[in-house]
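Remarks on the structure that follows.
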Amino acid sequence: MLSATSALVTAATTTRTALAGLRRRPPGGAALWSRTNFAGRSLDLLGGPASAAGTLVAVATAPGLRGRTRAAAVLATAAAGGIGAYDDLAGRADARRGFRAHLAALREGELTTGGVKLLGIGAAGLAAGALLKDRPLDRLLAGVVIAGSAHAVNLLDVRPARATVATLALAAPGLLRGGEGAALAAVPAGAAAALLPEDAAEQTMLGDTGAHALGASLGVAIAAANARAGLALHAAAVVAAAVYGERALPG
């Protein structure tokens, strides 16, 4: 459990430090990161890059991880957070949301920022899955779990604290596993816990940047800790969440 504790503390500390620094000097100016939430309150998206930074630093430095496991976690987290940031900033004026809208645009020959997100995070998930597992089917299932977890957490980021609380709840069982699974689960748990007070108070939100980074990191933890039966079960769950979320969580 020492490695899990270390990873959790690193994620939480880095997230808090990054949030303070970003608020002192928001990249591109405060207006770029300002948003209005569902209740009409003004808040910022700086919790996103802060939690992504905390997650990435923690997974890159967590003790006790094998090289391939660490590479998979770094790849998935960095890609999901980076592509999420691109969608947060470049796609801020695009009102289209959800798989169906962006896939419809792709069919018409338009690659939206959301389309880039779907394709990019999907590819990163598959690449990370290939690092984690040896057999082709296991690699595919792991990729679905990683990319699907990133999307699932993002679907919840429509009301205060939903995504951070869900991340904590989903990471909690992994903390009890010990070994690599516990260290990997501790990373998104630490970053989410660090951001929870501001998220709940409607001062900041994860946005695509933070939600996808936390979700991808959580997906790696789940994929790394499960064999084929568990992978299949979790893959089915995230696919079902995506289908249901398109209807039940429109934002």
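Worth saying up front: this structure is predicted, and the values here are computed from it rather than measured.
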**Q.** R35 and R41, any side-chain heavy atoms less than 4.5 Å apart
**A.** no

Q: For residues S51 and G210, report the shortest heavy-atom separation together with the two atoms involved.
A: OG-CA, 3.4 Å

Q: Answer yes or no: is there a donor N or O on one side and an acceptor on the other, between the side chain of T204 and the main chain of D44, under 3.5 Å?
A: yes

Q | CD1-CG distance between I83 and L118, expressed to the nearest 0.5 angstrom | A | 10.0 Å

(Q) Other members of the hydrophobic cluster containing L168, with the 4.5 Å side-chain heavy-atom rule, please. (A) V165, L196

Throw together a table of side-chain donor-acceptor distances under 3.5 angstrom for residues 213-229, partners on residues two or more places apart or in other chains.
| unit_1 | atom_1 | unit_2 | atom_2 | d |
| --- | --- | --- | --- | --- |
| N226 | ND2 | I222 | O | 2.8 |
| R228 | NE | D138 | OD1 | 2.7 |
| R228 | NH2 | D138 | OD1 | 3.4 |

Q: Report the distance from atom CG of D88 to atom CH2 of W33, rounding to the nearest 0.5 Å.
A: 7.0 Å

Q. Does the pair D208/K117 count as a salt bridge with the N-to-O cut at 4.0 Å?
A. yes

Q: Could you walk me through whether V158 and F38 pass the side-chain contact (heavy atoms from CB on, under 4.5 Å) test, one step at a time?
A: CA-CA 7 Å; V158 294; F38 78 102; over 6 Å; no

(Q) Between L22 and L45, is there shared hydrophobic-cluster membership here, with clusters defined by ILVMFWY side-chain heavy atoms closer than 4.5 Å? (A) yes

Q | Pairs where residues 54-68 contributes a residue and the test salt bridge (charged side-chain N to carboxylate O under 4.0 Å, His left out) is met, not counting sequence neighbours | A | R66-E180, R68-D134

Q: Say whether, by atom type as modelled, one donor and one acceptor occur between the side chain of T14 and the main chain of T10 under 3.5 angstrom.
A: yes

Q) Which pairs with one or both residues in residues 75-85 pass salt bridge (charged side-chain N to carboxylate O under 4.0 Å, His left out), sequence neighbours excluded? A) none

(Q) Enumerate the salt bridge (charged side-chain N to carboxylate O under 4.0 Å, His left out) contacts for residues 184-201, please, sequence neighbours excluded, ordered by first and then second residue. (A) R16-E198

Q. With no hydrogens and no angle check, is any side-chain donor or acceptor of H212 less than 3.5 Å from a backbone partner on G81?
A. no

Q | R70 side chain to V59 backbone, donor-acceptor under 3.5 Å | A | yes

Q: Could you tell me whether a side-chain N or O of T209 sits under 3.5 Å from a main-chain N or O of A85, the two making a donor and an acceptor?
A: yes

Taking distance alone, no hydrogens or angles, what donor-acceptor pairs closer than 3.5 Å link side-chain atoms of residues 181-188 to residues at least two apart or in another chain?
none

Q | Separation between CG of L132 and OG1 of T69, rounded to the nearest 0.5 Å | A | 5.5 Å

Q | Residue pair N37 / E202, side-chain donor-acceptor N/O under 3.5 Å | A | yes

(Q) Same cluster or not: L233 versus L176, using hydrophobic residues (I, L, V, M, F, W, Y) connected whenever any side-chain heavy atoms lie under 4.5 Å apart? (A) no

Q) Quick one: CG on L141 to CG on L137, what's the gap to the nearest 0.5 Å? A) 4.5 Å

Q. Got a second to check how far L156's CG is from T167's OG1, nearest 0.5 Å?
A. 8.0 Å

**Q.** Interatomic spacing from CG in L206 to CG in L46 - rounded to 0.5 Å
**A.** 12.0 Å

Q. Within the side chain of R139, is there an N or O that forms a donor-acceptor pair under 3.5 Å with the backbone of K133?
A. yes

